[in-house]
Amino acid sequence: MNLPQSAVSSFFKEQSGLANMAIRSWFTFAFLFSLLVLHADAKAKAKAFDPYKVLGVEKNATQREIQKAFHKLSLVYHPDKNKSKGAQAKFAEINNAYDFLSDEEKRKNYDRKRDKEGATRFDAGHPGYGPGPGPGGYAYSTSSGPGQSEFTSRPGGSQHMGGQGSSWTGFNIGDIFSKFFGGFSGSSWSQSHSESSPKSIRAISSNVFEKEISDQGMTWLLLSHTPSSQQGKQNYESIMEEVASLLQGAIRVGSINCETEYSLCKDLGMLPGRAPRLFVYSYKVNEKGSLKEYKGDLVTENAETFCQYHLPRFSERISLNHFDLSSSHVERYPVVMLLSTRKDTPVIWRVLSGLYHKRFTFYDAEVHDVSEPDVKKLGVGALPAVIGWLSNGEKHILKSGISVKDLKSAIEDLSSMLHSFEKKNKKVASPKQKDSAERQLPLLTASNSDALCGDKTPVCIIGAFRKTRSRERLESLLFKVSQKSLSRRKNVTSGSKDSVSYSLLDARKQASFLSAFDKSGYKSSSKILVAFKPRKGKFAAFKGHMNVEKVERFISSVLSGDVEFSRTRQKPVLK
């Protein structure tokens, strides 16, 4: 039978249309089925969700314990560290659990409802954030805007869609389209916490480093990185923020992009490799800051301990029963002393000694009770206490029975106290005392030896004394000679620094230092001048009667090369 061509064509079009409809129906069914499966799976997981179990902490865990648990798990499951299929989902769960438990209000709501109705009644409104829909339950909402979350109580447990692509079930519709049809991509954790550093971590330029960091007395935690060394950068920044929070007021944090600040990173020796590098700018060793790299595990507690260890140590630890300000030292600055029951110098006092080390002389001593004779003699009524001496020798109890709310406020309060005491000292200091202070030379110690007599100084002129009167005589002579042009000759190599430095040495406390030059340690001399060349390990000594002319002639001969130098017996070491 011959059918018209138009009828045949119509027949095949109809069949094709039915086939297309069937295919579309199948895809629609598959898509809806997938939604139902994912929805059911999310609900099943949500019902079992317990943020405490996710982080592996007890219900009464402190915020510090929660932080430590989160960072420990993050190191294992972070997508930058773990490329397995389930790592990203596990990390999201960990991240959400921490975000929930770190918010005390959300945590209280969860605990209250959980205790009242039982853990099985609490569905996760959003994985890790809190109780979800249910009779009288709470649900997580992102309706406040990006980055802001809140809990809203909704009787009847009505579901709520909020935020950007997130529903109470906790999955992203974009991820589903990507899985089945391609062309769409859900944002991952590492993408959403993208390129820039957190606001609390300051971007450091060479200008900022020179003006605000270099040798300013404050300890900094610094991260060096480049665009090609981003692996794990977020982990570093997270640890830095935690440490800065725990040591708030004691340290500051900064980040240096070594691509845009290449010269700074190169000069400081902190160029990164494939991963960022973490440093502490420390004053622990000497008066000039130096960088110490942190190479330990990325754990908050370890990094915090490292930072504490490298806080300044400009306060001299003393025994109170052997301390006599009037006879043992002629101080250049007003003196402050902390009395506490601590076996080591407290963190707060170490921080202050760094910030004010060029304005005060710091001491601290361990005492056990105000009833001790030496404490009673000072007139202290409660511990901890800070005592101050003005440059005229006048003693003041600056603060006693000190109570500390937190590190930051304590440093601010004591800084204000020191500032006021410094103002008082300026008022009472006579013109003669001010002139004397200007003429005083630094006392050479382990903390300032690198700056005064390190390898960068060609010649150190050291006046060693054994008695207070000998010190005063030496100081007066050396100061006068140091003002003369020949004795201040500039360093030819740098054109900026003096080729000779002047300092004093307490021979009673630094006997081993002098023994490096002479076996006897010059014990028969009450005062002696030593010209020392640190880089070459050579020295020349001047003993006997001293006056301005003789001292000037000796130093001039040292600088012109007319004095015979001898090798040191060993490397001089300061205590």
Side-chain angles (χ1 to χ4, degrees), residues 286 316 318 322-324 326-332 439-484 486-488 498-575:
N286 52 54
E316 184 179 343
I318 61 165
H322 291 137
F323 179 75
D324 185 352
S326 60
S327 63
S328 63
H329 291 83
V330 177
E331 298 297 342
R332 182 177 181 180
R439 291 189 290 104
Q440 284 184 333
L441 298 177
L443 191 68
L444 189 62
T445 63
S447 63
N448 62 16
S449 60
D450 187 58
L452 295 175
C453 199
D455 290 342
K456 293 182 180 179
T457 306
V459 181
C460 314
I461 304 297
I462 303 167
F465 62 90
R466 282 194 166 79
K467 297 179 181 178
T468 302
R469 296 184 71 179
S470 298
R471 171 179 177 161
E472 292 170 354
R473 176 66 175 158
L474 264 177
E475 189 166 34
S476 176
L477 287 172
L478 287 177
F479 178 81
K480 290 175 182 177
V481 173
S482 69
Q483 302 307 299
K484 297 180 180 291
L486 178 60
S487 302
R488 295 189 301 128
D498 288 346
S499 61
V500 57
S501 72
Y502 293 85
S503 59
L504 300 172
L505 184 83
D506 190 336
R508 297 165 298 182
K509 296 182 177 180
Q510 304 289 355
S512 59
F513 183 86
L514 289 177
S515 295
F517 303 111
D518 180 81
K519 189 175 181 179
S520 69
Y522 302 109
K523 290 181 180 179
S524 60
S525 304
S526 61
K527 58 182 181 293
I528 185 172
L529 281 183
V530 176
F532 176 45
K533 295 183 177 180
R535 278 181 292 190
K536 296 183 179 180
K538 293 185 175 183
F539 77 99
F542 176 75
K543 296 178 287 185
H545 178 71
M546 297 181 191
N547 56 35
V548 173
E549 291 74 22
K550 289 183 178 180
V551 170
E552 183 182 4
R553 195 180 308 125
F554 170 70
I555 295 173
S556 298
S557 300
V558 166
L559 295 177
S560 61
D562 294 333
V563 171
E564 184 178 348
F565 277 77
S566 306
R567 285 206 167 273
T568 59
R569 299 176 63 249
Q570 60 205 39
K571 185 177 180 180
V573 177
L574 288 157
K575 293 182 179 179

Over all heavy atoms of both residues, which pair between A516 and P572 is shortest? Give the atoms and the distance, please.
-> CB-CA, 3.7 Å
Can you sort out the partners of S520 under side-chain hydrogen bond (donor to acceptor under 3.5 Å, both in side chains), two or more places apart, ordered by chain and number?
-> D518
Interatomic spacing from CG in D450 to CG in L574 - rounded to 0.5 Å | 11.0 Å
Work out which heavy atom in L514 is nearest to a heavy atom in R466; give both atom names and the distance.
-> CD1-NH2, 4.5 Å
Can you tell if the side chain of V548 reaches within under 4.5 Å of the side chain of V481, non-hydrogen atoms only?
-> yes
Any residue meeting side-chain contact (heavy atoms from CB on, under 4.5 Å) with S515, in chain and number order, not counting sequence neighbours | none
How long is the span from the CG atom in L441 to the OG atom in S482, to the nearest 0.5 Å?
-> 6.0 Å
Does anything in residues 544-575 pair up under ring pair (Phe, Tyr, Trp, His ring centres under 6.0 Å), and if so which pairs, sequence neighbours excluded?
-> F542-F554
So which pairs with a foot in residues 561-571 pass side-chain hydrogen bond (donor to acceptor under 3.5 Å, both in side chains), sequence neighbours left out?
-> S560-D562
When R508, K509, Q510 are each screened for side chain to side chain donor-acceptor pair (under 3.5 Å) with D506, the one that passes is R508
How would you list, by chain and number, every residue that makes a side-chain contact (heavy atoms from CB on, under 4.5 Å) with E549, sequence neighbours excluded?
-> N547, R553
Find the distance between NZ (K533) and SG (C453) and round it off to the nearest 0.5 Å.
-> 12.5 Å
Do R535 and P458 have side-chain heavy atoms sitting under 4.5 Å apart?
-> yes
Starting from the C-alpha separation in whole Å, work towards a yes-or-no answer on side chain to side chain contact (heavy atoms under 4.5 Å, CB included) for I462 and S503.
-> CA-CA 5 Å; I462 303 167; S503 59; 4.0 Å; yes
Taking side chain as C-beta onward, heavy atoms only, is F532 less than 4.5 Å from T457?
-> no
Pairing residues for K543 by the side-chain contact (heavy atoms from CB on, under 4.5 Å) criterion, not counting sequence neighbours | Y522, S525, I528
Where is the tightest heavy-atom contact between V459 and A531, given as atom of each residue plus distance?
-> CG1-CB, 4.5 Å
Heavy-atom closest pair (M546 atom, L529 atom, distance to 0.1 Å) is CE-N, 3.8 Å
What heavy-atom pair brings R471 and L504 nearest, and what distance separates the two atoms?
-> NE-CD1, 3.8 Å
Smallest separation among heavy atoms of C460 and P534, with atom names = SG-CG, 3.7 Å
Can you name the residues that form a ring-ring contact (aromatic ring centres under 6.0 Å, His included) with F513, not counting sequence neighbours?
-> F517
Is the closest side-chain heavy-atom distance between K467 and K527 below 4.5 Å?
-> no
Counting distance only, does the side-chain N/O of S476 pair as donor-acceptor with the main-chain N or O of R473 below 3.5 Å?
-> no
